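A short worksheet on the structure shown next.
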Amino acid sequence: MKFLLAPGNKRVVHILLLLVFFSAVVITFARPVKDVDLFWHLKTGEWIWQHKALPDKDPFSFTVNPYTYKDYYRTSVILRSYWLSQLIIYGFYSALGFQGIILFRCIVFCLLFLFLYLWMRKKEIPVSFALLFLYPVLVFAAFYSGERPNQITYVMSVLLLFVLDRYRGTKWLFMVPFLMFVWLQMHGGFILGGLIIGAYLLKDVYDFIVRRKRDSYLKKELIVLSASLLVAFLNPPAIHTIFTVFESSGSMLLKTTSENLSPFAYYKIGIYLPAAVIVISLIVNAVFFRRYPFQIKLILLAVFAFSLTAIRYIPFLVFFSVPFAAGRIYLLFKRYFDKKAVVTITSCAVLLVFAFVSVNNYKYTAGRGHLVINKFPDDAVNFIKTAGIRGRMFDYYDWGGYLIFRLFPGEKVFIDPRGLVLSVDIVYNMVMGGSLDRTYGDVPQWKGVLDSYNINFIIVPPYYLTTGRIVLLIKRLVDDPGWKLIFVGNKSPALIFIRDSADNMPVIERFGIPKYYAYLKTINDLNMEVRYTHDYRLYLDLALVNIFYGKYRTGMKDFSAAINRRPSLKRTIIPDIIERIKRDGKVALSERDIYVIRYLL
């Protein structure tokens with residue numbers, strides 16, 4: 001305590017606090033690679049580097065027809081608008097492999113927290129208080145720790161708002177047009193930059209016209225901010241990106257991806273963090289809102305509205321709120337408490353809290369295990385290469401990028417997280433949902449799609465990895481004699497089915513597996529998941545799979561477990577199914593029964 005209070009040790013203490021804090025940041029974000037989007041960004045960066053050009057046609061999938069490049073803005077935007085960040089990511093990978101990707105992630109988040117820290121220091125918030133206020137931000141940011149251009153937008157947006165808030169009227173203002181130009185080449189989040197600049201420009205126009213201010217710095221700011229908007233938006237790529245936002249709103253698949261779900265959707269399935277962050281941000285900002293600058297009020301209101309529609313916007317609400325809320329809270333502490341006491345207590349708290357964070361998070365670092373999480377089908381890809389499987393594949397959406405990374409140029413994918421063509425989303429859902437509608441003549445939709453695209457093999461998990469819902473396509477493939485099971489993942493949740501044809505007979509004879517193994521894999525993996533979450537939806541899925549497999553009594557127990565965790569299920573068809581199993585020892589579920597149960601999920 002005396003060491004912290006000694007005047008001559010002030011600089012040493014500050015350095016020590018910063019070292020402890022940024023050590024905690026690095027350890028927190030030095031985790032295995034997990035982002036499904038990383039791999040297609042990585043492969044695109046490699047393609048751009050090798051060809052010294054931007055792709056004008058998709059090199060990685062076989063479902064993007066030529067007409068889509070002129071009918072959809074999204075296709076060209078996704079292919080060409082991330083090129084600078086993709087080259088940077090590929091550069092890290094080519095130099096250090098996946099260790100380079102983890103290093104890239106750590107650098108990005110260290111820069112983010114550095115700018116937030118410097119921002120608060122410019123507001124004359126003490127070092128210890130600023131770092132302590134960043135603790136909840138660090139905890140929250142860990143849930144958004146990806147390895148893609150989206151995280152670069154976190155840094156760019158905070159840097160832009162930092163410059164506009166603290167360096168107006170200085171030479172640093174002239175970096176804004178350059179910042180927007182670079183941002184445009186890296187990620188579509190530059191649109192958020194336009195919103196931030198627009199808020200400041202609106203206030204400047206008001207001051208200039210209504211309040212008749214004629215300060216030299218105001219005229220300079222009007223010119224620089226206007227130029228920044230022109231640089232960012234007065235060009236075809238930017239216009240196409242804006243149109244893409246409206247195009248993508250029509251994709252049900254994109255709407256239901258994890259980052260595009262609302263915090264209320266997560267709340268309904270028992271994940272409360274997004275909604276809690278929204279509520280806490282609302283309360284904290286409401287207390288100090290009237291003291292915020294006009295521009296910040298506009299920005300926070302807009303970001304708050306966006307955050308209610310999709311969780312991908314919540315980090316911006318947190319990052320933008322912190323410097324302003326911290327400043328107001330510190331003033332309250334300064335008013336009612338001795339400054340030296342506040343600094344001393346917060347310094348001790350920083351040392352203890354971030355030392356604990358480092359020790360606690362160290363066990364999750366990539367150096368302690370795999371560099372890439374085992375949710376990706378590494379063993380399945382190795383099998384495809386070893387077995388020499390060829391032909392068109394149907395793949396799981398979230399694995400598309402990884403399959404591009406591992407199999408291109410030998411194989412192309414059906415779909416991947418880029419979502420280049422929204423019409424492909426529709427037929428993908430038909431197949432994964434095992435649709436029995438007959439719009440392809442006398443065959444059900446799922447089979448008609450596979451036949452129309454001449455699919456030779458299928459690589460999918462038995463359940464959706466983001467929700468735990470079973471993939472009904474697995475049941476269709478097990479029931480259909482035209483498909484054979486040849487691979488069940490050991491380290492990953494992958495299943496591979498291949499078409500029963502003469503060309504594939506050597507592979508089937510060598511690697512063929514009884515199809516019921518697909519059900520055993522599903523049951524085993526879902527049992528592992530249910531140990532951690534006890535989510536009633538997982539029990540419903542387990543019940544369905546056990547009934548498909550013929551384990552009716554086990555299915556009945558799973559239905560009962562779901563009811564115990566969700567009593568409202570007593571008013572559904574599930575109690576009737578339980579009674580039928582008790583009475584007859586088995587049950588034959590109709591397609592309508594399956595549909596109703598899946599609707600409950």
Side-chain angles (χ1 to χ4, degrees), residues 108 111-125 130 133-134 137 152-211 213-234 238 281 285 288-307 313 315-328:
V108 167
L111 286 174
L112 171 66
F113 282 98
L114 176 63
F115 291 143
L116 287 172
Y117 165 77
L118 293 175
W119 194 351
M120 285 190 278
R121 291 292 290 141
K122 277 292 181 180
K123 289 179 174 289
E124 299 182 352
I125 300 173
F133 215 92
L134 287 175
V137 183
I152 294 178
T153 280
Y154 295 164
V155 177
M156 301 294 271
S157 61
V158 168
L159 177 58
L160 174 63
L161 195 52
F162 174 31
V163 170
L164 292 178
D165 180 55
R166 306 313 301 175
Y167 290 99
R168 299 174 69 190
T170 72
K171 62 181 180 180
W172 290 103
L173 186 65
F174 289 99
M175 73 177 289
V176 173
F178 174 76
L179 182 66
M180 291 300 295
F181 177 77
V182 173
W183 196 352
L184 174 64
Q185 320 305 321
M186 303 184 83
H187 187 251
F190 74 91
I191 296 175
L192 178 60
L195 184 149
I196 294 171
I197 293 173
Y200 276 86
L201 191 59
L202 182 63
K203 178 64 166 59
D204 288 347
V205 170
Y206 174 81
D207 288 342
F208 188 80
I209 296 178
V210 178
R211 301 178 65 184
K213 283 190 175 182
R214 293 297 183 267
D215 308 75
S216 60
Y217 89 87
L218 180 61
K219 294 179 182 179
K220 179 173 66 176
E221 187 170 301
L222 280 169
I223 294 172
V224 172
L225 295 185
S226 299
S228 300
L229 288 181
L230 292 176
V231 166
F233 291 94
L234 199 61
S281 298
N285 285 315
F288 304 111
F289 194 72
R290 66 187 183 87
R291 297 185 178 274
Y292 290 169
F294 173 77
Q295 307 92 316
I296 302 304
K297 291 179 181 178
L298 288 180
I299 294 167
L300 289 179
L301 286 173
V303 176
F304 178 78
F306 293 147
S307 299
Y313 302 110
F316 300 105
L317 178 63
V318 174
F319 301 150
F320 296 170
S321 300
V322 163
F324 297 96
R328 305 312 307 181

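None of these values were measured; they are calculated from a predicted model.
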Margin query: For L116 versus P323, what's the shortest heavy-atom pair and its separation?
Written below: CD2-CG, 4.1 Å
Next item on the list: Please state whether the rings of F233 and F190 are parallel, tilted or perpendicular, taking 30° and 60° as the class boundaries.
Entry: tilted
Check: How many angstroms lie between OH in Y200 and CG in L298, if you round to the nearest 0.5 Å?
Finding: 10.5 Å
Check: Nearest heavy-atom pair of S228 and I197: which atoms, and what distance?
Finding: CB-CD1, 3.8 Å
Next item on the list: Considering non-hydrogen atoms only, spot the tightest contact between N285 and S321 and give its length.
Entry: ND2-OG, 3.0 Å
Margin query: Students often mix this up, so state it plainly: with edges at 30° and 60°, are the rings of F162 and Y167 parallel, tilted or perpendicular?
Written below: perpendicular
Check: Charged N to carboxylate O under 4.0 angstrom, D165 versus K122?
Finding: no
Notebook entry, point to check: Do M175 and L159 have side-chain heavy atoms sitting under 4.5 Å apart?
Noted result: yes
Next item on the list: Enter the distance from K203:NZ to L225:CG here, rounded to the nearest 0.5 Å.
Entry: 12.5 Å
Notebook entry, point to check: V155 and V108: which non-hydrogen atoms are nearest, and at how many Å?
Noted result: CG2-O, 3.3 Å
Notebook entry, point to check: For the ring pair F304 and Y313, is the centre-to-centre distance below 6.0 Å?
Noted result: no
Next item on the list: Compare all side-chain heavy atoms of F319 with those of L161 and state whether any distance is below 4.5 angstrom.
Entry: no
Check: For the residue pair F133 and A325, what are the closest heavy atoms and their distance?
Finding: CZ-C, 4.3 Å
Check: So do M156 and V182 actually touch side chain to side chain, heavy atoms under 4.5 Å?
Finding: yes
Check: With a 4.5 Å heavy-atom cut-off, do R328 and F324 have their side chains touching?
Finding: no
Next item on the list: State the CG-OG distance between L179 and S157, to the nearest 0.5 angstrom.
Entry: 9.5 Å
Item checked: Positive for side chain to side chain contact (heavy atoms under 4.5 Å, CB included) with E221, one of L164, L201, V176, D204 -> D204
Item checked: Nearest heavy atoms of V318 and S281, plus distance in Å -> CG2-OG, 4.4 Å
Checklist line | Worked check of side chain to side chain contact (heavy atoms under 4.5 Å, CB included) between I152 and H187 | finding: CA-CA 8 Å; I152 294 178; H187 187 251; 5.8 Å; no
Notebook entry, point to check: Do we get K219 above F208's six-membered ring, with its NZ or CZ under 6.0 Å from the centre and within 45° of the axis?
Noted result: no
Next item on the list: Calculate, to the nearest 0.5 Å, the distance between atoms CZ and CZ belonging to F306 and F316 respectively.
Entry: 11.0 Å
Item checked: Close aromatic pair by centroid cut-off 6.0 Å: W119 and F320 -> no
Margin query: Would you say that F174 contacts K220 through its side chain, given a criterion of any heavy-atom pair below 4.5 Å between the two side chains?
Written below: yes
Notebook entry, point to check: Can you tell me how far the CH2 atom of W183 sits from the CD1 atom of I191, to the nearest 0.5 Å?
Noted result: 10.0 Å
Notebook entry, point to check: What's the spacing between M120 CE and R166 CZ if we round to 0.5 Å?
Noted result: 12.5 Å
